[in-house]
Number of protein chains: 2
Amino acid sequence: MVVKRRNRLLSIESICDAALVCIDESGRLTMAELAARLGASPSSVYHHLPGRGAIIEALRERVGATIDSPAVDDPDWMGAISGWMRAYRQAMAAHPNLIPLLIAQPMTSEAGLRSYDRVAGLLAGAGVADADIVPWITALDSFALGSALDLTAPDQPWVVADRADLPALGAAVTAGPAGRRRADTAFELGLAALLAGMSGSAAG
Amino acid sequence: MVVKRRNRLLSIESICDAALVCIDESGRLTMAELAARLGASPSSVYHHLPGRGAIIEALRERVGATIDSPAVDDPDWMGAISGWMRAYRQAMAAHPNLIPLLIAQPMTSEAGLRSYDRVAGLLAGAGVADADIVPWITALDSFALGSALDLTAPDQPWVVADRADLPALGAAVTAGPAGRRRADTAFELGLAALLAGMSGSAAG
DNA sequence: ACCTGAACACCGTTCAAGT
DNA sequence: ACCTGAACACCGTTCAAGT
C-alpha cells in the first residue's frame with residue numbers, strides 16, 4: 001500500500017503542467033521560469049526529474065498519449081491512417097511552441113511505436129510490398145513532421161507584396177488561402193496524394 | 001575603387017566557413033568554439049556580423065544559394081520540380097547538423113522565394129487551379145523539410161528487435177531498406193505521390 | 001524524502017581600451 | 001578600422017546544508 005505523502009510541493013505531473021504553460025506562453029523552457037511558476041527553487045525540480053531534457057521527454061510522452069493509434073482491423077485502411085495523421089497533427093497544433101523542442105531530439109515515443117505497428121499492419125493488409133512499408137511510413141512521418149513545423153510558420157510566410165519579380169507566386173498568394181486555412185488545405189492535399197500513392201503501390 | 005585592407009584577421013566569409021566546420025564537426029555553434037577555430041577573440045566576430053543569429057542567417061543564404069531554381073519554361077514540369085526538390089534535400093544532406101539550427105527560425109530566404117515563384121509558374125502552366133497552388137507548394141515544402149529532418153534520424157529509427165508486441169513493424173523493418181537507403185526511398189516514393197496528386201489536381 | 005541557497009561551468013553579448 | 005580582455009546577464013546543473 002502506498003503511503004500518501006503530505007504537503008509535497010512538487011510532483012512530476014505539476015512540473016509537466018507548469019512546463020507546458022511556460023512553453024505555450026513564452027515559447028521557451030528555462031528552469032528559472034519553471035521554478036518561479038511553481039513557487040519553488042530551480043534545484044527542487046531535480047528531485048523529481050533528472051533535468052530539462054527529461055521534462056521535454058515527459059512532455060513528448062504526454063502529447064503522444066493523446067494520439068489514438070489507428071485500429072489494426074479497420075477495413076477502411078485509408079480512413080484509419082488519415083485519422084491517425086490528423087490526430088498527430090492536431091496534437092502538435094495544440095502546442096506549436098513545443099514542436100521545435102521536440103524535434104531537437106529524435107521523435108519516437110513508446111506510443112508512437114504502437115501506432116507505427118498498426119500502420120504497418122494496415123499497409124501490409126492493403127497489399128503494399130513488405131519492402132515498401134518502412135519507406136511509406138517514413139514518408140508519412142516526414143510529411144506529418146514538416147506539416148507540424150508549418151503550423152509554426154507566420155500567417156504570411158512569403159512576403160510578395162509589390163514584388164514584380166515574383167509574378168506567379170504573387171498571383172498564387174492572392175488567389176489561395178492564407179493563415180490556418182493555408183496550412184490545413186496543404187495538409188489535406190498532401191495526405192490524399194500520399195494515400196493515393198500507397199494505394200497505387202499496393203495495386204501495382 | 002575599393003581599398004584592399006591588409007592583414008584583416010576575420011571576414012564574413014572566413015567566419016561562415018569556420019562556423020560551418022564547427023556545426024559539421026561538433027553539431028553546435030558557440031561563439032567560443034568559433035573564435036578558437038578562427039584564432040581570434042569571441043568579441044571580434046561582432047565587428048563583422050551582429051551576432052550568432054546573423055551567422056546562422058548567412059549560412060542559410062549560403063546553403064540556399066547552392067540550390068538551382070527550377071526553369072520556368074521547362075515543358076517537363078514534374079521533372080523540373082523533382083530536380084528542385086532533390087537539390088533542396090541534397091543541400092540539406094550535405095550539412096545535417098545545420099538543419100535543426102535553420103528550422104529554429106523561419107525558412108524563407110531570398111533564393112528560396114525565386115524558386116517558389118518558379119514552381120508557382122510551373123503549376124499554373126500545368127493547369128493547377130490558382131487557389132490550389134499555394135497549398136501544393138506548402139505541401140512540397142513540408143515534405144522537403146520533414147525529409148531533411150529525417151536525414152538527421154539515427155540509422156535504425158525504430159528499435160523493434162525482439163518486440164513480439166510489434167509484429168507488423170518488426171516484419172516491415174526486416175524486409176525494408178535501412179540507413180540512407182531508407183530515407184532516399186521514402187523521399188522518392190513521397191515525391192512521386194505528391195507530383196501525381198498535383199497532376200491529377202490539374203487534370204480534374 | 002523533499003526543498004533550498006550558494007556555487008559552478010557555460011553561454012551570447014557589450015564596451016572601454018588598445019593598435 | 002579592427003581586435004582584445006574584462007565584465008555582464010543568463011543558462012542548466014550540482015551539492016552541502018537544512019527540515
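Residue numbering restarts at 1 for every chain, and letters A, B, ... go by the order of the sequence lines.
Closest contact between the side chain of B:H48 and the listed nucleotides C:dT13, D:dC3, D:dG12 involves D:dC3. Residue B:M31 places its side chain closer to C:dT13 than to any other of D:dT4, C:dT13, D:dC3. Set against D:dC2, D:dT13, C:dC2, the side chain of A:R8 has C:dC2 as its closest nucleotide. Among the nucleotides C:dC3, C:dT14, C:dG5, the one closest to any side-chain atom of B:S43 is C:dT14. Distances were taken from every side-chain heavy atom of B:H47 (C-beta onward) to each of D:dC2, D:dC11, C:dT4; the shortest belongs to D:dC2.
Taking atom CD1 of residue B:I55 and atom P of nucleotide C:dT13, one finds them 8 Å apart after rounding to whole Å. If you take CZ of A:R52 and P of C:dC10, they are 18 Å apart, rounded to a whole angstrom.
One finds a side-chain N or O of B:R28 lying less than 4.0 angstrom from the OP1 or OP2 phosphate oxygen of C:dC11. Between D:dC3 and B:S41, no contact under 4.0 Å exists linking OP1 or OP2 to a side-chain N or O.
Annotated stems with DNA chain D as a participant read C:4-8 with D:12-16, C:12-16 with D:4-8, given as range with range, by first number; only runs of 3 or more Watson-Crick or G-U pairs under 3.5 Å qualify.
Using cut-offs of 30° and 60° on the angle between ring planes, the pair B:F187 and B:F143 is parallel.
Not a single donor-acceptor contact under 3.5 angstrom links the side-chain atoms of A:T30 to the base of D:dG12.
Checked against A:D184 for a salt bridge (Lys or Arg N to Asp or Glu O under 4.0 Å), the options A:R180, A:R181, A:R182 give a single hit: A:R180.
Using a 4.0 Å heavy-atom criterion, one finds that A:L34 contacts no nucleic acid atom at all.
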